[in-house]
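Being a predicted model, the structure only gives us computed values, none of them experimental.
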Amino acid sequence: MKVSRELVVFLVMGLAVGSAFAYDPSPLQDVCVAINDPVNGVFVNGKFCLDPNKVTADHFLARGFNVPGNVSNPLGSVVTAADVQKIPGLNTLGISLVRIDYAPYGLNPPHTHPRGTEILVVLEGTLYVGFVTSNQLGNKLITKVLYPGDVFVFPIGLIHFQLNVGKTNAVAFAGLSSQNAGVITISKSLFGSTPPISVDVLTKAFQVDKNVIDYLQEQFWYDNNN
């Protein structure tokens, strides 16, 4: 059977378009163990969906983001999230917001968001911010000092931080490209996990003496997320 060039092009284009849409969506929780019993199937994008006929404006509302967070903690910072936990209407919309308050020299410590890119705008104060590229790009440190009105982007999954380098409190708001971007605080994850990571693993990874790892694992690793 003779096949026309136009038909071949059509089939190739159809396969290309089909492949473009045949991919798994980004996960919205840390783990999702497959089960055969639908009775115990709990999550749909991390949440059940309400009957749309019962939706009200309150499902899309969060109040109080004009109120400063309590920064009297070891880090001198606090993150207040407007995510799907506080705004149920965000479910499946792929976006969320956080307010970050910093005491003078307060730090939002190195962390990653495994499921979202972050775009941050400074409202008050002066922030030293940065992120580190992946191993493939040589772990290059990208930093900048930000002032009120400045906007900075932290790419998805990369380690990043913000430090208030001013003598007054600072405030920033950040948008995230996920309803539940997740947070992995590097120090807490490595040295405050439950149960602890093997000392043998950490001493070899960091090329330090066991006493250093013991000391770090004995510390209380504070979480600045509300």
Side-chain angles (χ1 to χ4, degrees), residues 24-33 41-52 54-73 75-103 106-125 127 129 131 146 150-164 169-189 192-194 221-226:
D24 290 333
S26 297
L28 291 175
Q29 55 260 359
D30 291 340
V31 296
C32 184
V33 178
V42 176
F43 292 112
V44 178
N45 263 7
K47 297 288 181 182
F48 281 120
C49 293
L50 181 67
D51 181 342
K54 297 180 180 179
V55 166
T56 70
D58 287 340
H59 292 124
F60 300 88
L61 174 69
R63 297 186 186 275
F65 278 77
N66 61 323
V67 178
N70 183 2
V71 294
S72 60
N73 59 64
L75 293 172
S77 74
V78 65
V79 178
T80 306
D83 56 13
V84 71
Q85 311 301 331
K86 292 187 178 177
I87 306 179
L90 281 176
N91 194 38
T92 75
L93 298 185
I95 194 171
S96 58
L97 179 76
V98 297
R99 171 181 174 137
I100 314 171
D101 290 279
Y102 312 81
L107 172 70
N108 190 12
H111 63 280
T112 72
H113 302 295
R115 296 181 289 273
T117 291
E118 176 180 343
I119 183 167
L120 178 140
V121 57
V122 179
L123 271 65
E124 301 175 13
L127 297 179
V129 307
F131 65 86
L146 305 183
D150 287 346
V151 177
F152 197 83
V153 174
F154 304 103
I156 184 171
L158 298 186
I159 296 173
H160 59 283
F161 60 86
Q162 303 107 36
L163 173 67
N164 180 5
N169 285 10
V171 182
F173 276 79
L176 294 137
S177 60
S178 171
Q179 69 183 45
N180 182 16
V183 181
I184 301 173
T185 304
I186 306 305
S187 55
K188 183 177 181 181
S189 297
S193 66
T194 304
W221 296 99
Y222 180 81
D223 185 354
N224 66 332
N225 289 271
N226 276 356

Is there a side-chain contact between [X] and [Y] (heavy atoms, below 4.5 Å)?
X	Y	value
Glu124	Asn169	no
Leu90	Ile95	yes
Ile100	Leu120	yes
Phe154	His111	no
Pro68	Arg99	yes
Val129	Phe131	no
Tyr102	Leu127	yes
Asn224	Val79	yes

Looking only at the side chains, is there a donor atom on one of Ser178 and Asn180 sitting less than 3.5 Å from an acceptor on the other? no
Does Gly157 offer a backbone N or O that forms a donor-acceptor pair with the side chain of His113 under 3.5 Å?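 Checked: no pair found.
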Would Asn91 and Gln179 count as a side-chain hydrogen bond (donor to acceptor under 3.5 Å, both in side chains) if you check the C-alpha gap in whole Å, the side-chain angles of each, and the deciding distance to 0.1 Å? CA-CA 6 Å; Asn91 194 38; Gln179 69 183 45; 2.8 Å; yes
Going from CG on Asn73 to OH on Tyr222, what distance comes out if it is rounded to the nearest 0.5 angstrom?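 Asn73 atom CG to Tyr222 atom OH measures 4.0 Å (nearest 0.5 Å).
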